[in-house]
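Residue numbers begin at 1 in each chain, while the letters A, B, ... track the order of the sequences.
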Amino acid sequence: MNKEIQESLIDLHLQRAVFGLDADEKQTFESLLADAGVGLDDSFDLAAAAVGLIDLQIDEPLPPHLQARVIASADEYFASTAAENETVDEDDFQKVLTFEPKRSWSWLGWAFAAVACVALAANIWVTRIAPAEVAGPTKTPEKTPVKLTPEQELAQLLASQASLVKANFGVGNVKELKDVGGDVVWSDEKQTGFMRLRGLPVNDKTKETYQLWIFDKTQDKATPIDGGTFDVDKNGEVIVPIDAKLKALGPELFAITIEKPGGVVVSKREKIAALAKVETQSKTNT
Amino acid sequence: MTQAILHRIASGDRTAVQDCLSKYGGLVWSIARKLLRNSDEAEDAVQEVFVDIWKNAGRFDESQASETTFIAMIARRRIIDRIRYSTRRISADSLDDVLLEPFTRADKAMQMSVEANEAAEAMRKLRPEQQQVLRLSIIQGMSHQEIADATGMPIGTVKTHARRGLMQVRENLGLGKADRLKEVSI
């Protein structure tokens, strides 16, 4: 392959990987590959695919109806390839019967040998190797730990010697939620925390959920830590445990948004129900 | 060692289809939505991508790339072809929109695949203009012309940055050998 063709092929591989080829370019590309007697080099497309993974948010699985479509097309695809293979197999079988009759029986010797080996192995296992069953000590029933309520867990955290971050909740950008209040307590050391919230309305779980976001010292402001989703099922004060999906260190701001059921990966911040800004960091609990 | 899903598919193991969908369905769906921005079109593209995956599973070579990258490659190829043949360009965001993305869960960002981390590392070694052009083209799906319009670079410069940038990324990822095309021809 001369240098000029090689350069053109590299150019077209690159163009194809980054921007795609139009019909004319594709034809030129295929002709060049054929003339040069070389195959497609995946390395350009693989490099572009790897770059395409950067910042890609894989935030939801395939929708069920689409998954069903893909499975149906897979069934169709595999059925058609299986049918093709069967045709080929039958043809081969015919050839064997017609031209090589001995081969159709030659497997019998191997089959007998295999059966004999299995029988011998089973005999050795049963008579010489298999461990005797020994009655073990009776297991002492374990005590079921008492599950504390969020109120009790919060009380325990407040009573502990851990350094705590505390902040008060105020209103967000949802005009109707003007009476939201409460506070949040977080321990870096224990990686646990609780929100005590008031004025947050009971949500319709089928339509929306609340989601907490933790802005801490370790994360970029564009990527706060997901503090978990929660529902409010009663009026008045609710205590919600924080379910931080990553280690949060030195939280500076807690934001509660209203999202679709299950929560989101990317919040558009359209409905911020409440905000709690930490004024003082890592206050020691005394 | 667990057998790669793609190898299982190539050997006709039908149970691998469900495993493939569970593991990579979200990846393909995300790539389709990112590049096509139209749900109906993205759904059709996803179905085509998976047929391509079943067909090409036997070509997967784990010594060259991971399954994730291989599947992302098949998805990109199919989707870009779709865009080019429909003569409709990707409706890319304006630069401002790209820069002002809403906030994203850190744990998801942190869970960026090994492949994405390696690619990000490979990108960091490029010149800023090359990084910008590759980001806008590959990640945001913009055409030469759209990049030229958005950045004020001449179209030839956009192409040069894309070319040199991707060559460098390919080298940095250990995918490219200077004489690779020559090797294939022998």
Side-chain angles (χ1 to χ4, degrees), chain A residues 1 6 9-11 14-23 36-39 41-63 66-67 69-71 73-74 77-78 81-82 213 219-226 245-246 264-269, chain B residues 12 14 17 21 25-27 29-31 34 43 46-47 50-51 54 64-65 68-70 72-73 76-77 80-81 83-85 101-110 112-113 115-116 118-120 122-123 134 137-139 143-144 162-163 166-167 169-170 173 175-176 180-182 184-185:
Chain A
M1 185 181 1
Q6 196 176 349
L9 275 174
I10 290 175
D11 267 342
L14 286 160
Q15 162 82 5
R16 180 176 187 270
V18 180
F19 298 107
L21 300 178
D22 61 26
V38 295
D41 183 348
D42 279 344
S43 66
F44 299 90
D45 278 323
L46 286 169
V51 172
L53 292 172
I54 301 171
D55 296 344
L56 182 70
Q57 297 303 322
I58 304 171
D59 49 1
E60 52 182 85
L62 277 183
L66 180 54
Q67 185 152 336
R69 267 175 68 183
V70 172
I71 289 174
S73 71
Y77 172 76
F78 285 107
T81 51
W213 304 89
Q219 297 297 331
D220 188 276
K221 294 288 173 283
T223 56
I225 295 166
D226 175 13
K245 302 294 189 290
L246 281 181
V264 293
V265 172
V266 180
S267 172
K268 292 177 180 165
R269 293 176 288 184
Chain B
R14 296 281 289 273
V17 168
L21 287 177
L27 169 70
W29 180 226
S30 302
I31 293 172
K34 175 100 183 167
E43 289 192 6
V46 165
Q47 199 173 345
F50 274 102
V51 172
W54 315 142
Q64 193 183 18
T68 301
T69 310
F70 185 82
M73 176 189 79
R76 269 187 61 80
R77 267 186 190 162
I80 289 175
D81 272 355
I83 291 165
R84 293 305 297 243
Y85 280 96
E101 298 248 318
F103 61 61
T104 298
R105 263 166 59 174
D107 53 318
K108 281 289 175 181
M110 294 281 287
M112 193 162 72
S113 63
E115 296 84 358
E118 285 173 359
M123 284 275 278
L134 287 187
S137 55
I138 296 175
I139 300 176
S143 67
H144 308 112
R163 184 186 195 282
L166 192 69
M167 281 295 270
V169 168
R170 178 171 160 269
L173 290 173
L175 290 165
R180 193 181 183 98
L181 287 169
K182 218 183 283 176
V184 180
S185 65

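- Inter-residue side-chain proximity for B/Phe50 and A/Leu62 is flagged as met; some heavy-atom pair is nearer than 4.5 Å.
- Residues B/Leu166 and A/Phe44 come closest through the heavy atom pair CD2-O, 3.8 Å.
- Ranking B/Leu173, B/Val169, B/Ile31, B/Leu21 against chain A, the residue ahead of the rest is B/Leu21, based on heavy-atom pairs under 4.5 Å.
- Residue B/Ala119 comes nearest to A/Ala50 through the heavy atom pair CB-O, 3.3 Å, listed as atom of the first residue, atom of the second, then distance.
- Under the 4.5 Å side-chain criterion, counting only non-hydrogen atoms from C-beta, A/Leu14 is not in contact with B/Arg170.
- Of the atoms belonging to A/Leu66, it is side-chain heavy atoms, and not backbone ones, that fall under 4.5 Å from chain B.
- Remark: A/Gln67 engages no residue in a side-chain hydrogen bond (donor to acceptor under 3.5 Å, both in side chains) (not counting sequence neighbours).
- Of all heavy-atom pairs between B/Gly26 and A/Ile58, the closest is C-CG2, 3.5 Å.
- Side-chain atoms of B/Ser137 and A/Phe19, non-hydrogen and from C-beta on, do get closer than 4.5 Å to each other.
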As a quick check of understanding, evaluate side chain to side chain contact (heavy atoms under 4.5 Å, CB included) for A/Ile10 and B/Met167, giving each step before the final call. CA-CA 9 Å; A/Ile10 290 175; B/Met167 281 295 270; 4.0 Å; yes
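- Nearest approach of A/Leu53 to B/Ala72, heavy atoms of both residues: CD2-CB, 4.0 Å.
- Panel note: side chain B/Ser30, backbone A/Gln57; a donor-acceptor pair is recorded below 3.5 Å.
- Proximity to chain A (any heavy atom under 4.5 Å) is shown, for B/Leu27, by both the backbone and the side chain.
- The nearest pair of heavy atoms linking A/Ala48 to B/Ile138 is O-CG2, 3.3 Å.
- By the 4.5 Å heavy-atom criterion applied to side chains, B/Ile80 and A/Arg16 are not counted as neighbours.
- Remark: B/Arg77 pairs with A/Asp42, A/Asp45 by the side-chain hydrogen bond (donor to acceptor under 3.5 Å, both in side chains) rule, at least two apart or across chains.
- At least one side-chain heavy atom of B/Trp54 sits under 4.5 Å from a side-chain heavy atom of A/Val70.
- A/Ile54 and B/Ala116 make their closest contact through CG1-O, 3.7 Å (heavy atoms, listed as atom of the first residue, atom of the second, distance).
- Interface remark: B/Arg76 contributes side-chain atoms only to the contact with chain A (heavy atom separation under 4.5 Å).
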